[in-house]
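Beneath this line is the structure, given in structure tokens, with notes to follow.
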Amino acid sequence: MNKHRFYKKLTALVLGGLMSFSLGTVSAANTVRLNLEDAVQMAMENNRSIKSALADVDAAKWNLSKYRRQTGVTFSLSSAVNRANDALAQAQHNGDNTYYTNSASASIPLYNFSLRSGIEAAGYGLNSADVTLENTKQAVRYQATADYYNILNYKNLIKVQEDTVRAYQEHLDNVNAQYRVGTVAKSDVLSSQVNLANAQQALTTAQNNYDIAVATLNNVIGLPTDTVLEIDEELKHPAYNLNLEDCTTYALNNRADGAAAYYAVKQAEAGINTARAGWYPTVTASASKAIEGKQEFKTDHSNTWVFGAAANWNIFDNGVTAAGVHNAEASLVKAQEALKAKDETIQLDVRTALLNLQAAEKNIGTMETAVKQAEEDLKIANVRYSAGVGTNLDVMDATEKMTAARTNYNTALYNYNVNKAALDKAMGIPVDIDVAKYKASQMEGNRLKKVREDAKVTEKPLLELSAEAKKSSKDEAKAMRKAEREARKLSKDKKVKKSAVKQEAKAAASEKTVKSETASSTESVAKEMANN
């Protein structure tokens, strides 16, 4: 099965609640077994932020198309029926006061500086949307990776706390045994019980944090938050051979958000040209034909062809164009400063991630030694206590140090892996397109299809909304409108029913009043007759 299709099918099955059988990495109902590669791939296909960025690319593409299509021929038709109510018009139409006019016209812009600048700006807008999509993918990859490592982190912390609980339990059993024969005080039993309870609480907290980490990753990769993830991997310590200068140089050339800031500058430059359009004329060629007659589409009155070109040049606009240009120039300064700030941020991101990575690597070596020493110290403390030459406090202190050393070692491993992923993100390691190649191809003046082809790093990069996604969006909007109509209809029916109930109640009250008045009148007549 194609791997891409497998991930989509896997996700669809999970979302549909059909995981009661085994399929590939699926092991049981609402349970998925996956590794880091699986998690990242599923995030690429299901994450909402990526789908939103794809929609931005689609919008930018059609915005460019809208500008480009304005450079072509436009064609229009018009038709009218007229009635003349004056002698001159009737004379022109042989006394018939009803006549028809039909016309067709075509035009094409020959020179339009504003339109040309708009095309340029829209093109840079599409380039910006492309690299922003890549930046979103890189951010999602990092988030999925960090959340995956967070699961492994809490998985290891659970083991650490389980070992601590086991150590405290074994020590408590030893203390109770010695207390029963009268060799230790009651205070040793109580303090051992307190430490065991604290360790059990820490274990519960670690288990809860693990469950939250699983739910968080599920949310990123597009699975229901209650999906159980089976992960067999362990945190590792992969070697790296990177230096700050190489990482920084690569990042400045390849960061997608840096490229987006660059294209924002290019859009601002195009904006200046758009503002300058008021200083240039517009030239349009046109052709039209008009016919007129007593009957529809007949030419018994007139048949006219017109060909020509029109130029429009606003010679004086009281400084409106100049003000617009100054405004656009200020926007360019702002975009340039934002680009410089982004470059500085990129350098800081790379330095921070690399320093954190190096610190974590040093801590791994340090804590490996500390764990061995703490384990040996705990063994000695237990032996001394059992022999009656050590104190309960010595064992408690040794156990706490062992727990701290193992926790710190695990944290160092976690920090190393997460900061390695953070360094990849800070450098702009590509997901689907190589940003440096994208910019180089675009600067050569290539069309978008060629630019994307030159820059792709995967066989079939996801760069636009699929037809399936567009259809799903339309179906969802249609279903929403239908639900709204049904809700309005239901509300209207309730109002009608409520009004009917009120009318019935009012009628019943009126009838009761009439009966009461009739009975009262009858009673009065009866009394009067009785008196007579």
Side-chain angles (χ1 to χ4, degrees), residues 1-18 39-72 74 118-119 121-141 143-144 218-224 256-257 259-260 263 267 430-433 435 438 442 446-487:
M1 181 185 294
N2 181 275
K3 190 171 185 179
H4 176 78
R5 292 181 179 175
F6 166 74
Y7 287 122
K8 295 185 73 174
K9 186 171 182 179
L10 169 62
T11 303
L13 288 171
V14 173
L15 293 174
L18 302 177
V40 170
Q41 183 62 37
M42 293 179 73
M44 291 298 106
E45 294 179 357
N46 300 315
N47 190 267
R48 302 292 181 189
S49 297
I50 292 177
K51 292 180 179 180
S52 179
L54 284 168
D56 287 339
V57 172
D58 204 52
K61 182 184 74 172
W62 288 110
N63 184 53
L64 175 60
S65 178
K66 180 185 71 174
Y67 276 100
R68 282 178 172 169
R69 290 178 184 277
Q70 293 179 54
T71 62
T74 59
I119 293 173
Y124 289 131
L126 180 52
N127 296 141
S128 179
D130 271 351
V131 295
T132 299
L133 170 62
E134 173 64 20
N135 185 59
T136 302
K137 290 178 180 178
Q138 292 178 16
V140 170
R141 178 183 61 187
Q143 191 61 55
N218 283 334
N219 183 60
V220 171
I221 65 179
L223 295 179
D257 51 348
Y263 285 121
Q267 283 181 284
V431 175
D432 274 341
I433 61 172
V435 171
Y438 184 98
Q442 182 272 322
N446 295 322
R447 303 282 289 185
L448 181 66
K449 183 177 181 181
K450 179 69 166 58
V451 171
R452 288 175 171 177
E453 183 67 24
D454 290 343
K456 71 176 186 179
V457 296
T458 56
E459 185 63 29
K460 293 181 179 180
L462 181 62
L463 301 177
E464 292 185 2
L465 284 173
S466 64
E468 185 180 71
K470 293 179 182 178
K471 182 179 182 303
S472 176
S473 174
K474 292 178 181 178
D475 291 343
E476 183 178 339
K478 184 178 179 181
M480 185 177 294
R481 289 194 298 270
K482 181 180 178 181
E484 289 172 351
R485 288 195 300 270
E486 290 176 350

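The chain is numbered in sequence order, starting from 1.
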>> side chain to side chain contact (heavy atoms under 4.5 Å, CB included), that's the test. Do Leu463 and Lys456 meet it? Break it down for me.
In response: CA-CA 10 Å; Leu463 301 177; Lys456 71 176 186 179; over 6 Å; no
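- Side-chain atoms of Asp454 and Tyr438 form no donor-acceptor pair, as typed in the model, at a separation below 3.5 Å.
- Taking both residues in full, the closest heavy atoms of Ala256 and Gln138 are given as CB-NE2, 4.4 Å, listed atom of the first, atom of the second, then distance.
- Distance CG/Leu465 to CG/Leu54: 5.0 Å, rounded to 0.5 Å.
- Rounding to the nearest 0.5 Å gives a distance of 10.5 Å between NZ of Lys66 and CG of Leu64.
- Asp56 approaches Ala129 most closely through the heavy-atom pair O-CB, 4.1 Å.
- In this structure, the side chain of Arg481 does not engage the main chain of Glu476 through any donor-acceptor pair within 3.5 Å.
- Heavy atoms only, all atoms of each residue included: Val457 and Val431 are closest at CG2-O, 3.5 Å.
- Ser49 and Asn47 get closest at one heavy-atom pair: N-OD1, 2.9 Å.
- Atoms CZ and CG, on Arg452 and Asn127 in that order, are 9.0 Å from each other to the nearest 0.5 Å.
- One finds the CE atom of Met480 at 12.5 Å from the CG atom of Asp475 (value rounded to the nearest 0.5 Å).
- Ile119 places a side-chain heavy atom less than 4.5 Å from the side chain of Thr71.
- Closest of all the heavy-atom pairs between Asn46 and Gly222 is CB-CA, 3.8 Å.
- Within a 6.0 Å sphere centred on CD of Glu484, heavy atoms belonging to other residues, nucleotides or ligands number more than 12.
- Ala59 is linked by a side-chain contact (heavy atoms from CB on, under 4.5 Å) to nothing, counting only residues two or more places apart in sequence or in another chain.
- A donor and an acceptor atom, one from each side chain of Ser52 and Arg48, are nowhere located under 3.5 Å apart.
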>> Using side-chain hydrogen bond (donor to acceptor under 3.5 Å, both in side chains), reason through Gln442 and Tyr263 one step at a time and then give a plain yes or no.
In response: CA-CA 11 Å; Gln442 182 272 322; Tyr263 285 121; 3.2 Å; yes
> What do the steps show when you test Met44 against Leu462 for side chain to side chain contact (heavy atoms under 4.5 Å, CB included), and what is the final call?
Replying inline: CA-CA 9 Å; Met44 291 298 106; Leu462 181 62; over 6 Å; no
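- Salt bridge annotation for Asp58-Lys61: present, with a cationic side-chain nitrogen under 4.0 angstrom from a carboxylate oxygen.
- Contact of the Met42 side chain with the Leu223 side chain is registered, since non-hydrogen atoms from C-beta on lie closer than 4.5 Å.
- One distance of note links CD of Glu45 with CD1 of Ile221; it measures 11.0 Å at 0.5 Å rounding.
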>> Test side chain to side chain contact (heavy atoms under 4.5 Å, CB included) on Leu448 and Asp130; report intermediate values, then the result.
In response: CA-CA 10 Å; Leu448 181 66; Asp130 271 351; 3.4 Å; yes
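- For the pair Gln267 and Ser128, the tightest heavy-atom approach, listed with the atom from each and the gap, is OE1-CB, 4.3 Å.
- Taking CG from Asp432 and CG from Leu133, the interatomic distance works out to 7.5 Å, rounded to the nearest 0.5 Å.
- With sequence neighbours excluded, no residue forms a side-chain hydrogen bond (donor to acceptor under 3.5 Å, both in side chains) with Ser473.
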